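Step one of this worksheet: look at the structure below.
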Amino acid sequence: MASASLLKSSPVLDKSEFVKGTQTLRTPSLAAVRYHPTTAPSALVVKASAYADELVKTAKTVASPGRGILAMDESNATCGKRLASIGLENTEANRQAYRTLLVSAPGLGQYISGAILFEETLYQSTTDGRKMVDVLVEQNIVPGIKVDKGLVPLAGSNDESWCQGLDGLASRTAAYYQQGARFAKWRTVVSIPNGPSALAVKEAAWGLARYAAICQDNGLTPIVEPEILLDGEHGIERTFEVALKVWAEVFYYMAENNVLFEGILLKPSMVTPGAECKERATPQQVAEYTLKLLHRRIPPAVPGIMFLSGGQSEVEATLNLNAMNQSPNPWHVSFSYARALQNTCLKTWGGRPENVKAAQDTLLVRAKANSLAQLGKYTGEGESEEAKKGMFVKGYVY
C-alpha cells in the first residue's frame, strides 16, 4: 500500500500548472523507494512514479470543496442516442455543438472541478475554434479522459462482462498527458442478477488495478470505477454485501500493483436497492449504507469519492449526495455525474442555437445543486418535474 510518508505536502493545482496541448511530452524518470527487510537477504525495490506529487495535486484539485466532476465522456455511439432523443443526427458537428455548449457555460468552474472527455473531445475544438481543453482550463476545470475500450463478454462467467483496453494503454496515456489531460477514467461493471461470480469480480478488480498503475506511471490521476449496476430486484442489503466484496478486491489488487492511494480518485455506485426492487430506500438509508461501506473499505489516504448517478433521477442523485454530507467525512464526498447533470440541459437545448443560453443556465442550476449537496446544504426546493424523472435503463451501455 502506498504510504503518505513518501509524499511531501501537495497543494492543489493552480490553473497555470495545467498543461495545454502545445506542451512537450515529459519523459519521466523513476525514483526508487527501497525497503530493507530484516529477514530477507535481498532488498525489495518498489519504483514510485516520478509524477507522484503531480498526481496528488490533481486529485486534491478535483476533490476541492463544493465542486465535482462533469462526466461528458459518452462514446460517439452513446452520444448519438442522446442526440437522437432530441431529433438530431449523430454527426461530428452536432456532437461538437453540444460539447461546446457544456464546456463554455459561464461560471461552470465554480461548481465543476473536472470534466471527463471522450477521445474525440480531447482533440476537438469548439464551434468558435478554441481547443476544448483550453476552454476548460480557462474555467479552472481539470481535463480528464476516458481510456477504457468498453465491455465485452467474459468467457467462463455467468453472462458477465469484462473491460478491455489495457493493450497500448501506456502509450495512449502518455499522448493524452501531452494533449493536456491530467486524470483518466476506466469503467468496468459488476452485475448482481448474474452473480456476481468470483471470476467477474477478480477480473474487474485486476483490470482496474493495472489501469491505475499504468495511468500513474504516465502522469494521469486514475479514477477507479467498478460500477455495481442498478439492474435487479435485490434489496439494499444485497447491494451492500456485493459492494464490500468488490471494493476489498479492488484495493487488494491496487496494493499489489503499488498504486499510490493519495494519487487516485474513486467513482463508486451509491448503495441502493436494485432498480426493480419494490422496497425503495430514503436518502438517509442510502447515506447510511454507503458511508458504512466507505468506512469499512476505503482508506482515508484516498482524497476523493466522486459518486456516479447510475440512472437515478437528477434530484434523487443530489438528495442522496446531500444526505452523505450531513457530517464530516475522511474523504471529499462528491459527484461525477453524466445524465444527472445533463438530462434537462439536453432537452432544453433541443439542438436549437437560440436555446443555448437557456440550456447552459439549466446545466448551472444542476451543477450548483450538486455543489450545495457536496457541502451538505441542498434543500431540494424549486426543482422541476423533469429533474425528478428517473433515468434507469436496463442493461445500459455507456
Side-chain angles (χ1 to χ4, degrees), residues 12-26 51 54-64 67-76 79 95-96 98-148 165 169 171-187 211-212 214-216 218-225 263-265 267 303-304 306 334-338 341-342 360 363 367:
V12 298
L13 285 172
D14 181 83
K15 69 179 180 181
S16 64
E17 298 179 67
F18 297 172
V19 177
K20 299 187 180 182
T22 57
Q23 178 158 337
T24 302
L25 175 63
R26 185 194 318 178
Y51 295 100
E54 185 178 5
L55 296 169
V56 178
K57 287 180 183 180
T58 298
K60 287 184 175 181
T61 300
V62 175
S64 53
R67 299 205 296 167
I69 294 174
L70 170 61
M72 47 179 292
D73 58 317
E74 299 90 346
S75 66
N76 287 348
C79 192
R95 295 193 298 270
Q96 179 192 40
Y98 179 56
R99 290 162 177 165
T100 297
L101 180 160
L102 295 175
V103 303
S104 61
L108 185 63
Q110 183 178 349
Y111 314 115
I112 299 297
S113 55
I116 311 173
L117 310 177
F118 189 62
E119 186 176 63
E120 178 182 72
T121 317
L122 183 69
Y123 292 91
Q124 199 171 42
S125 295
T126 62
T127 52
D128 59 357
R130 296 178 297 162
K131 292 181 179 179
M132 295 273 187
V133 169
D134 291 351
V135 175
L136 290 170
V137 171
E138 288 167 8
Q139 295 243 50
N140 200 27
I141 298 172
V142 184
I145 179 70
K146 169 187 168 72
V147 300
D148 69 77
L169 182 60
S171 59
R172 286 191 290 119
T173 49
Y176 297 151
Y177 182 97
Q178 184 178 22
Q179 185 63 16
R182 283 297 173 270
F183 69 94
K185 190 200 86 165
W186 174 287
R187 173 186 180 260
Y211 140 80
I214 292 168
C215 282
Q216 289 190 337
N218 290 283
L220 300 184
T221 296
I223 291 181
V224 178
E225 182 184 359
I264 65 173
L265 295 165
K267 186 171 179 177
M306 321 300 286
S334 192
F335 60 93
S336 178
Y337 294 164
L341 281 172
Q342 297 181 43
Q360 289 179 328
L363 173 64

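No experiment lies behind these values; they were computed from the predicted model shown.
L265 approaches A63 most closely through the heavy-atom pair CD2-CB, 4.3 Å.
No side-chain heavy atom of P143 sits less than 4.5 Å from a side-chain heavy atom of M132. Looking at heavy atoms from C-beta onward, L117 lies in side-chain contact with M72 at the 4.5 angstrom threshold. For the pair S334/R67, no side-chain contact is recorded, criterion being any heavy-atom separation below 4.5 Å from C-beta on. Here the side chains of V147 and I214 are not in contact, with every heavy-atom distance at 4.5 Å or above. In this structure the side chain of R99 reaches within 4.5 angstrom of the side chain of C79, judged on heavy atoms. In this structure the side chain of K185 never reaches within 4.5 angstrom of the side chain of M306, judged on heavy atoms. Using a 4.5 Å heavy-atom threshold, the side chains of F335 and I112 count as touching.
Each of L122, T173, I116 was checked for a side chain to side chain contact (heavy atoms under 4.5 Å, CB included) with I145, and the lone residue meeting it is L122.
The residues R130 and E138 are annotated as salt-bridged, a charged nitrogen and a carboxylate oxygen being separated by less than 4.0 angstrom.
A donor-acceptor contact shorter than 3.5 Å is absent between the side chain of R95 and the backbone of N76.
Between the side chains of T58 and R182, no donor-acceptor pair is found at a separation under 3.5 Å.
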